[in-house]
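Structure record follows, encoded as structure tokens.
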Amino acid sequence: QVQLVESGGGLVQPGGSLRLSCAASGSITSIGTMRWYRQTPGKQRELVAAITSGGSTGYADSVKGRFTISRDNTRNTVYLQMNSLKPEDTAVYYCNSDLIRVGGTVSYTYWGQGTQVTVSS
């Protein structure tokens, strides 16, 4: 069984910071690209940031310069450092990872359960 578990969400004032974590656990052989998405009610899930197994990163225009994605391959964990938060960053944040399970050869995409981020004064 493979699980992705997010943590670090919460309520923060505009201009503040939060750091999200997402840890993959279970029988995993390798992890490829890891991503953060976010979703607000009535809208499609939006890709926020991604990081490859080699460390290359990409960001949505709306978060460039404010958010930083990183990963610790020894811990199977991806992070999202969010600075200068704005009310429009309020959403449920989901992590997503391409990985190969032990005994398998095909990469599948797994999702976490989501963590709420609320930016409000």
Side-chain angles (χ1 to χ4, degrees):
Q1 200 73 319
V2 171
Q3 274 192 313
L4 298 182
V5 179
E6 299 105 334
S7 61
L11 173 64
V12 64
Q13 291 188 340
S17 297
L18 281 176
R19 189 193 195 207
L20 305 183
S21 300
C22 173
S25 63
S27 301
I28 299 169
T29 295
S30 65
I31 300 178
T33 299
M34 305 182 84
R35 308 171 188 87
W36 286 98
Y37 284 77
R38 65 186 180 187
Q39 189 170 26
T40 54
K43 292 190 176 181
Q44 283 193 327
R45 200 167 288 190
E46 171 193 24
L47 178 61
V48 175
I51 184 167
T52 68
S53 57
S56 297
T57 60
Y59 299 91
D61 287 343
S62 58
V63 306
K64 278 181 183 175
R66 300 188 298 122
F67 291 10
T68 302
I69 190 171
S70 61
R71 62 191 286 169
D72 182 342
N73 292 329
T74 66
R75 297 175 184 267
N76 289 345
T77 299
V78 62
Y79 305 97
L80 186 68
Q81 178 66 44
M82 305 185 294
N83 298 329
S84 302
L85 282 161
K86 305 174 181 180
E88 51 263 43
D89 294 318
T90 296
V92 178
Y93 283 72
Y94 297 89
C95 72
N96 157 305
S97 178
D98 301 331
L99 60 88
I100 300 175
R101 295 177 63 175
V102 171
T105 57
V106 178
S107 176
Y108 291 96
T109 300
Y110 291 80
W111 289 86
Q113 82 289 350
T115 185
Q116 177 71 46
V117 171
T118 302
V119 184
S120 175
S121 54

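These figures come from a predicted structure and were not determined experimentally. Every heavy atom of this structure was used, including side-chain atoms; hydrogens, water molecules and symmetry mates were not.
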Practice task
Using atom types as modelled and distance alone, determine if a side-chain donor or acceptor of Glu46 lies under 3.5 Å from a backbone N or O of Gln39.
Solution key: no
Handout entry: Common cluster, Leu20/Val5, ILVMFWY with side-chain heavy-atom separation under 4.5 Å
Key = no
Exercise for the section: Answer yes or no: is there a side-chain heavy-atom contact under 4.5 Å between Tyr110 and Leu99? Expected result: yes
Practice task
Evaluate the side-chain proximity of Ser120 to Pro87: yes if any heavy-atom separation is below 4.5 Å, no if none is.
Solution key: no
Problem - Glu6 side-chain N/O to Cys95 backbone N/O, donor-acceptor pair under 3.5 Å - result: yes
Problem - Modelled atom types, side-chain donor and acceptor of Tyr37 and Arg45, under 3.5 Å - result: no
Exercise for the section: Would you check if Ile100 and Thr105 make a side-chain contact, meaning some heavy-atom pair closer than 4.5 Å? Expected result: no
Handout entry: Expected output: side-chain Arg75 to main-chain Arg71 donor-acceptor under 3.5 Å
Key = no
Handout entry: Linked, directly or transitively: Val106 and Val102 (ILVMFWY side chains, under 4.5 Å)
Key = no
Problem - Gln3 atom CD, neighbour heavy-atom count above 12 within 6.0 Å - result: no
Problem - Sub-4.5 Å side-chain heavy-atom contact between Val78 and Leu4 - result: no
Handout entry: Exam field: side chain Ser121 to backbone Gln13, donor-acceptor pair closer than 3.5 Å
Key = no
Handout entry: Result of checking Thr33, Asp98, Asn96 against Thr109 for side chain to side chain donor-acceptor pair (under 3.5 Å)
Key = Asp98
Practice task
Examine Tyr79 and Tyr93 and state if one hydrophobic cluster contains both, with Ile, Leu, Val, Met, Phe, Trp and Tyr joined whenever side-chain heavy atoms are less than 4.5 Å apart.
Solution key: no
Practice task
Look at the side chain of Thr40 and the backbone N and O of Lys43, then say whether any donor-acceptor pair between them is shorter than 3.5 Å.
Solution key: no
Handout entry: Gap separating the OG atom of Ser70 from the CD1 atom of Ile51, nearest 0.5 angstrom
Key = 6.0 Å
Exercise for the section: Find the distance between CZ (Arg19) and OG1 (Thr68) and round it off to the nearest 0.5 Å. Expected result: 10.5 Å
Practice task
Decide yes or no for Leu18 and Val117: does some side-chain heavy atom of the first lie under 4.5 Å from some side-chain heavy atom of the second?
Solution key: yes
Exercise for the section: Given salt bridge (Lys or Arg N to Asp or Glu O under 4.0 Å), test Asp61 with Lys64 step by step and report yes or no. Expected result: CA-CA 5 Å; Asp61 287 343; Lys64 278 181 183 175; 3.2 Å; yes
Exercise for the section: Output yes when a side-chain donor or acceptor of Tyr59 lies under 3.5 Å from a complementary backbone atom of Ala50, and no otherwise. Expected result: no
Handout entry: Side-chain donor or acceptor of Thr74 paired with backbone N/O of Asp72 under 3.5 Å
Key = no
Practice task
Could you pull out the closest heavy-atom pair between Ser53 and Asn73, with the gap in Å?
Solution key: O-ND2, 3.8 Å
Problem - Separation of Ile69 CD1 from Ser56 OG (nearest 0.5 Å) - result: 11.5 Å
Handout entry: Pairwise distance SG(Cys22) to CG(Leu80) - rounded to 0.5 angstrom
Key = 10.5 Å
Problem - Test item: Thr90 and Gln116 side chains (from C-beta on) under 4.5 Å apart, heavy atoms - result: yes
Practice task
Using the rule that two of Ile, Leu, Val, Met, Phe, Trp, Tyr join whenever any of their side-chain heavy atoms come within less than 4.5 Å, decide whether Val63 and Val92 are in one cluster.
Solution key: no
Exercise for the section: Using a 4.5 Å cut-off on heavy atoms from C-beta on, say whether the side chain of Ser17 contacts that of Met82. Expected result: no
Handout entry: Sidechain-backbone polar pair: Arg101 side chain, Ser27 backbone, donor-acceptor under 3.5 Å
Key = no
Practice task
Just say parallel, tilted or perpendicular for the rings of Trp111 and Tyr94, cut-offs at 30° and 60°.
Solution key: perpendicular
Handout entry: Exercise: identify the closest heavy-atom pair between Ile31 and Ser97
Key = CG2-OG, 3.1 Å
Exercise for the section: Using a cut-off of 6.0 Å, state whether more than 12 heavy atoms not belonging to Glu88 lie near its atom CD. Expected result: yes
Exercise for the section: Measure the spacing between CG of Asp89 and CZ of Arg66 and express it to the nearest 0.5 Å. Expected result: 4.0 Å
Problem - Verdict with supporting geometry, Trp36 and Phe67, ring pair (Phe, Tyr, Trp, His ring centres under 6.0 Å) - result: CA-CA 11 Å; Trp36 286 98; Phe67 291 10; over 10 Å; no
